[in-house]
Q: 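Quick one: the structure is below, and I'll ask about it shortly.
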Amino acid sequence: MVSSIDAGNYLIQDTTLWRTRSKPLPNAEWSLIQDTTLYVLQLKCCLLSCASLQVANQTFHTDRPDLPECFQLSVLSWLPCIYLWAVCPIYLFYLKKNNRGYIMMSVLNRFKTIFGLFLWIVCWTELFYTFHELRHGHNQPPIYFITPLVLGMTMLLATFLIQFERLRGVQSSGVLFIFWFLSVLCAIVPFRSKILEVTDKLRFSTFYFYFTLVVFELILCCFNEKPPLFSNVITDPVSCSPSFSMAIKGYKVSLEAKDLWSLNERDSSKVMVPNLLREWDKELAQAQSSPEEVEVLLSNQTAAPRKPSFLRALVKAFGPYFLIGSGFKLLQDIITFVNPQLLRMLISFIKQKGVPDWWGYSLSFLMFFTAFLQTLILHRHFQYCFVTGMNVRTAIIGALYRKALVITNAAKRSSTVGEIVNLMSVDAQRFMDLTTFLNMLWSAPLQIMLALYFLWQNLGPSVLAGVAVMIMLIPFNAVIAMKTRAYQQMQYKDARIKLMNEILNGIKVLKLYAWENSFKEKVLAIRQKELNVLRKAAYLGALSTMAWTSAPFLVALTTFAVYVTIDENNVLDAEKAFVSLSLFNILRFPLNMLPQVISSIVQASVSLKRIQHFLCHDELDPDSVDRKNTASEFSVTVINGKFSWAKEDPPVLHNINLMVRQGSLLAVVGHVGCGKSSLISALLGETEKLEGEVSIRGSVAYVPQQAWIQNATLRDNILFGKPYNEQKYRCVLEACALTPDLEVLPGGDMTEIGEKGINLSGGQRQRVSLARALYSDAEVYLLDDPLSAVDAHVSKHIFDNLIGPEGILKGKTRVLVTHGISFLPQVDNIMVMVEGRVSEMGSYQELLNQNGSFAEFLRNYALEDIVEEDEVIDEMFPDDALSNHTDMVDNEPVINEVIPSRFHRQISIISSDGDNTRCRSVRKHGCSQKKYSEPQEKKKPQEIEKLIQTETAETGRVKTKVYLEYVKAVGPLLSVLICFLYGCQSATAIGANIWLSQWTNDASRNETKENVNMRVGVYAALGIAQGKQVHMVVFKLSRKLHYSLLTNKLHTPQSFFDTTPIGRVINRFSKDIYVIDEALPATVLMFLGTFFVSLSTLIVIVSSTPIFAVVVFPLALIYIFVQRFYVATSRQLKRLESVSRSPIYSHFSETITGSSVIRAYGRNSAFVLMSDMKVDENQKSYYPGIVSNRWLGVRIEFIGNCIVLFAALFAVIGKENLNPGLVGLSVSYALQVTMSLNWMVRMTSDLESNIVAVERVKEYSETKTEAPWEVEDKKPPPEWPMEGNVQFQDYSVRYREGLDLVLKKLNLSVQGGEKIGIVGRTGAGKSSMTLCLFRLLEAAAGEITIDRVKIAEIGLHDLRSKLTIIPQEPVLFSGTLRMNLDPFDQCSDEDVWKALEHCHLHKFVSNQPAKLDLECAEGGENLSVGQRQLVCLARALLRKTKILVLDEATAAIDLETDNLIQSTIRTQFEECTVFTIAHRLNTVMDYTRILVLDKGQVAEFDTPTNLISQRGIFYSMAKDAGLAQ
């Protein structure tokens, strides 16, 4: 410290200056100047004394170090004050801008305020005491005035901030927390000094008051205030307590969705998706405008148009928030290099003798604090990165969903549902994973440069040898990265998911045709290609990892070897070696991460292109249909219209001219494939308008040809977003003949309808679709053949009450596509279409008079006797009119939907009925006079069993069985070998470092020169052995799991698919298989790596300083406790996240299927909102996962930091017995353990989370299977069935266990070659009976015998391959037409052409350029429904079995084609037994016998003639259809 003599000298010099430079002054003023000067000089002396700290013995060279009082009163006291005053203006500005509401004064807030005021009083008490001393002649230095004054004012500012934050709704303050923390930190030194030497009792007391209050303030600052009033803000989840409370809850009980925090608004889809779309729209706008600008500037040069960049849009939308995280990363990178410098000082301290011990302790604690600060900053950085990743995923899914709603049909063809789901699941996930480590792209080079800089300082130019090794490795890794990129293509994964999607959609058809094996082979062939690519990528990855694992060691080896050999004076001592080694260890992380980040960027760039390609697809032109035309008297107008499905396709409609008057009914008729549905699509704006104009006046309701039903309640399907109006709703149900159906559905109109309407019959689905249109109360109704799927009676009822001239829709404009000629006399106009052109148009009478093709067609196909009888209507709704839908009780899937909501047309020939009293009364009273026996709500049962059960998340720990299964699949021997190799790697690494420690001790024994070559050689040998560790990747397992999943799903009974959404099964095949393929092997290897590194660290430290073993046990206990806590919560969060992911994809698939309906009703925004809600629900379980990772990271790294502290402390304590080499070894190992411990817990968690995928796949691989496909000892003879005799004996069946019987005690015998027509009302059990023949439903009692063979005893394939069905829904798979007809390639081309000729498709196929190789789109979308039905007939002709079942097979075909087909069936299947389910009675009137089913029982069974003469049920049906008098 500067002596008082020096101070006096300064004083004399300064006073002399004053006297010489000034004029003489009065004495009073002179004494004032003297006093002031004295204070200034005292302050100056004080600061000078602080400046000479480095020479002050009392600070360093003493066993009781202390800081000068002057330093304590100035620097330490002012530091927190300077911080608060500096931050205050910015913080106040921020608070002013962000008002979150008003928080009521709480007990916590009162205490904070009171303590703040007490602190001000304490500070100023000291100030007034100094004035008091001055008055009594005790002159104190000015610092005694300034410091209490500044502190007091700062405490007042802090108290003001406490209140201002409360008024602005701040629950926890980071600014004040840092201030109180700094205040406590800076008060620790004076705290010790005052205990050592009490000089002034009052100041001693006030300081301890001050210290206590500041500590209390710091503690209170850790607690959160209540949320602001009238605010939905919840407690900030990043703060300590909520995440801890969730961890406790997750540890005690399994977390559920209701325990999760609600998502912050800034992270929700509502904010994130518009952000991204705004930037993407700018990109699109710039891309469209740039070519013109180029042409203007460079008139004669053509430039390629600028493509919109999705990457640029992402950067603009999420870059700023991400940059904050980058700032934290930069700070953390710099702090990382402090600890190696502290290690240098520690080794230096160990070497020196007679140095005060507190130096060592200080260095130990400094290392601890540096490491802890690094931890906090790093996790702050991770928080920003993970949240950005989450936001990117939310935004990408939202953007893809919105785009999928508006893409053209051509674009839909190139991007199937499976591919788009992959974009959502895999590609969006890749972006999310990339953001976590994206900062390593610049951080890794920065860390490498800093490490090299410090290494240069340590070892000089020798470092260049290490740099050379690194540079040599770069091209090696670049080649690997390029090769890896080639294997990153996703076409096989896409193809597999696409095929699986089709298989699951068409599973019923596969089962009926026994085609499972053919499709299984196709899937496995794609899977094999996918695994080959994965295996190559994995080998390259292993090679790359080996190179980078060896890199830090090779760099160290070459550097040390060059260092000791280039100059004899270079001695490798402990300080140089271990400081360099800790720098090399720092180097290891960026060197390891860089290739991973590059590989992630490579994967993400592939994903980026795919997403960009999809987002650049053409969109439907919203202006192609003019909706603003209000002046015209015509509601629908098409002038010179020419339309195609895609711009490059040939036109499907030519020269269309159409004008529909407001309120009129237009019928559109024509052959299959003539363009009727295309016309409706053109009116909706779904096709490409090549020429002409289309205008529609008013809102539109659309009933598609294939009813689209959502997975929601029946009522929601009808309301479709409109408000519920009881009277209107009842009227709609009545008009659509849905009232009887509601009485038998288990929950009435609140019954949940399965995915794609699976638990409704085809007719019911179509009527729900009609009800939706009617309820929407639109002005224009576009009805695409809605009457085809319903019974004759119901069809007539709907036409009369709804569509016809006296129906509810009279006065509305209606365009009706139909095949039902009986309705044509009642329509205003008829439009006849032939091959995409309008052939005739006019009223029914006009067209008959013209005597054109339409008149001829009517003469041929309308029955001669179209009778008008009043009795028909009396018979129309007998008591069992719609039967009682016995099939439908408890949600029975009468018709199991296969391709998205398929249905079937029936052309019903109904008597064209004149006026009748009953119908007229319905029409006159409209909706108002209806009386209902009881309201729907009262009828509802107490418990409605959900058809689609919510997907449950497994709870508790992952069962050991799952791990054992994994080990078993990998192979126990291989598993042991992998662990052994990892152990060897760690052992050689320890060996190399111990050898290095011994080498550095040579320096102290002056033996360096003799042993150089031996030391370098052994060190190199150990290091290279470490690098040779074998990387094995586990593919055997993923192949086995995928195979068993696929096999099980193909063997699963049909009832499973009726009650399980396809999205849920697809999720297993896409996301879970991806995890098992790629994520799980990497996690297992990473876990083993980190486990052995952590273990070797503890071994090294304990062997260096055995006393360390004392703290290992408590630290291990804390570690296990934290890990248990975390893993329990993390595992359950991961499961919840998995479960909430499936609905996103299910909803997405559903939306794409029904996009035309959604657009027609203008419901785009409502569906977007629904999707956003599902994504937010999913992110709600992901976000706590991020927070729990941060929670874990801080705590685990704290344990790691404690290991550093104790390793350094015990080294200081055992200084006398330890050599510098061992200390260096021990502490450098401790410094790297933090990362390993953290990664080990994370890998434990990831392992549990990822092994959940194995658990989920196994769950679906072990579901109950149907009977075996083949039973060896019961195989029927190859030529069976020879005759085709079929017998039902006391046969009963139910859909699922615990449900009512659908068929009851059926007894009937059919002789070979008989033609049996099966008729009955909707839901009487007709389809169920045919499903029993194929054993899709197994008998509850009784048996079926075919040619004396009991079908229940033989294999399913043996049975199904010998029967043929033309199913209700015509299902085609994407692939060639030939594959669809003959997937096993059993028939010659000649046979195939013959079959096509018989089913009248020969002309259509031969006109196609590809002929039999015509590519069918997904679900056969590029063929009309009628053409698909004909393809199914061709399949039947090729199979040519003894028994044929037609399930309403000709419902979607016009009368002319139907007639031709009936004759084909009669000739080609003359000797076969034929069962035909028919609504169109004229098709079965010439059959051998007719079976009439009612309520699941045989009502009548005889020849048609006998049944008509008996005047029973069949007679009434024939009479309705005009086939009987």
Side-chain angles (χ1 to χ4, degrees), residues 72-73 75-85 87-88 91 95 103-129 147-196 198 200-227 235-236 238-245 365 369 372-373 376 1194 1198:
Q72 292 180 19
L73 281 171
V75 178
L76 290 184
S77 299
W78 296 350
L79 197 65
C81 303
I82 292 166
Y83 157 76
L84 192 63
W85 285 98
V87 169
C88 191
Y91 189 48
L95 288 178
I103 297 176
M104 290 286 285
M105 178 77 90
S106 62
V107 177
L108 181 68
N109 198 274
R110 285 193 179 101
F111 271 114
K112 283 183 187 174
T113 311
I114 291 165
F115 288 160
L117 291 171
F118 273 150
L119 278 165
W120 168 64
I121 292 166
V122 166
C123 292
W124 280 20
T125 303
E126 205 167 307
L127 176 66
F128 292 127
Y129 179 64
T147 298
L149 180 70
V150 171
L151 275 175
M153 286 165 68
T154 309
M155 293 309 160
L156 277 178
L157 176 64
T159 311
F160 164 73
L161 278 178
I162 288 167
Q163 285 308 312
F164 193 62
E165 284 178 338
R166 178 178 71 80
L167 296 174
R168 291 277 153 182
V170 176
Q171 291 175 264
S172 63
S173 168
V175 170
L176 283 177
F177 178 81
I178 294 170
F179 169 69
W180 297 122
F181 180 70
L182 279 175
S183 299
V184 171
L185 207 62
C186 291
I188 289 170
V189 174
F191 184 91
R192 177 177 173 276
S193 301
K194 287 199 176 351
I195 291 173
L196 290 175
V198 180
D200 186 327
K201 287 183 180 174
L202 185 105
R203 286 196 177 88
F204 180 81
S205 309
T206 53
F207 174 77
Y208 282 105
F209 267 123
Y210 166 83
F211 187 78
T212 310
L213 290 168
V214 169
V215 169
F216 276 135
E217 284 282 20
L218 179 63
I219 292 165
L220 292 177
C221 218
C222 295
F223 294 97
N224 269 8
E225 289 284 357
K226 288 174 187 159
T235 306
D236 178 15
V238 187
S239 67
C240 158
S241 47
S243 44
F244 189 59
S245 62
F365 279 101
F369 281 123
F372 187 58
L373 184 64
L376 292 177
V1194 171
F1198 182 77

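Quick caveat: nothing in here was measured; it's all calculated off a predicted structure.
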Q: Quick check: closest heavy atoms across M155 and G116, and the distance to 0.1 Å?
A: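 It is CB-O, 4.1 Å.
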
Q: Which heavy-atom pair separates T159 from L117 by the least distance, and what is that distance?
A: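 The answer is OG1-N, 3.9 Å.
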
Q: If I take atom OG from residue S183 and atom OH from residue Y210, how far apart are they, to the nearest 0.5 angstrom?
A: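 Going from OG on S183 over to OH on Y210, the span is 4.5 Å.
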
Q: If you count the non-hydrogen atoms of other residues, nucleotides and ligands that lie under 6.0 Å from CZ in F209, is the total more than 12?
A: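 No, because the 6.0 Å sphere around CZ of F209 holds 12 heavy atoms or fewer from other groups.
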
Q: Tell me, yes or no, whether the heavy-atom count around F164 atom CZ, taken from other residues, nucleotides or ligands under 6.0 Å, exceeds 12.
A: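 More than 12 heavy atoms, drawn from other residues, nucleotides or ligands, come within 6.0 Å of this atom.
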
Q: Side chain to side chain contact (heavy atoms under 4.5 Å, CB included) between F179 and L161: does it pass, once the steps are laid out?
A: CA-CA 12 Å; F179 169 69; L161 278 178; over 6 Å; no

Q: Quick one, L176 with E165, criterion side chain to side chain contact (heavy atoms under 4.5 Å, CB included). Give me CA distance, side-chain angles, the key distance, then yes/no.
A: CA-CA 10 Å; L176 283 177; E165 284 178 338; 3.5 Å; yes

Q: As an exercise, state the distance from CD1 of I121 to OG1 of T206, rounded to the nearest 0.5 Å.
A: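 If we round to the nearest 0.5 Å, I121:CD1 and T206:OG1 are 13.0 Å apart.
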
Q: Within a radius of less than 6.0 Å around OH of Y208, do more than 12 heavy atoms belonging to other residues, nucleotides or ligands occur?
A: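 Atom OH in Y208 is packed in, count exceeds 12.
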
Q: List the atom of T154, the atom of W85, and the distance in Å for their closest heavy-atom pair.
A: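 Where T154 meets W85 most closely, the heavy atoms are OG1-NE1, 3.0 Å.
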
Q: Look at the aromatic rings of W120 and W124 and report parallel, tilted or perpendicular, splitting at 30° and 60°.
A: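 The arrangement is tilted - the two ring planes meet at 30° to 60°.
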
Q: What pair of heavy atoms forms the shortest contact from F181 to L218, and how long is it?
A: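 In terms of heavy atoms, the two residues are closest at N-CD1, 3.7 Å.
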
Q: To the nearest 0.5 Å, how far apart are CG in L185 and CD1 in I178?
A: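 L185 atom CG to I178 atom CD1 measures 12.5 Å (nearest 0.5 Å).
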
Q: Nearest heavy-atom pair of F207 and A187: which atoms, and what distance?
A: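 Taking every non-hydrogen atom into account, CZ-O, 3.4 Å.
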
Q: Counting heavy atoms not belonging to Y83, are there more than 12 under 6.0 Å from its OH?
A: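 Yes.
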
Q: How far does CD1 of I162 sit from SG of C221, to the nearest 0.5 angstrom?
A: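 Rounded to the nearest 0.5 Å, the CD1-SG separation comes out at 7.5 Å.
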
Q: Please tabulate, for side-chain N and O atoms in residues 104-112, each donor-acceptor pair with protein atoms closer than 3.5 Å (sequence neighbours left out).
A:
residue, atom, partner, partner atom, Å
S106, OG, N109, N, 3.2
S106, OG, E225, OE1, 2.8
N109, OD1, Q163, NE2, 2.8
N109, ND2, E225, OE2, 3.2

Q: What heavy-atom pair brings L95 and R168 nearest, and what distance separates the two atoms?
A: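 Shortest heavy-atom contact: O-CD, 3.1 Å.
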
Q: If we ignore hydrogens and angles and just use 3.5 Å, is the side chain of T147 paired with the main-chain N or O of L73 as donor and acceptor?
A: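 Side chain of T147 to backbone of L73, a donor-acceptor pair under 3.5 Å: yes, one is there.
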
Q: Would you call the rings of F1198 and F372 parallel, tilted or perpendicular if under 30° counts as parallel and over 60° as perpendicular?
A: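 Correct class here is perpendicular.
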
Q: Atom CG of L213 and atom CG of L220: how far apart are they, to the nearest 0.5 Å?
A: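 Reported value, rounded in 0.5 Å steps: 10.5 Å.
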
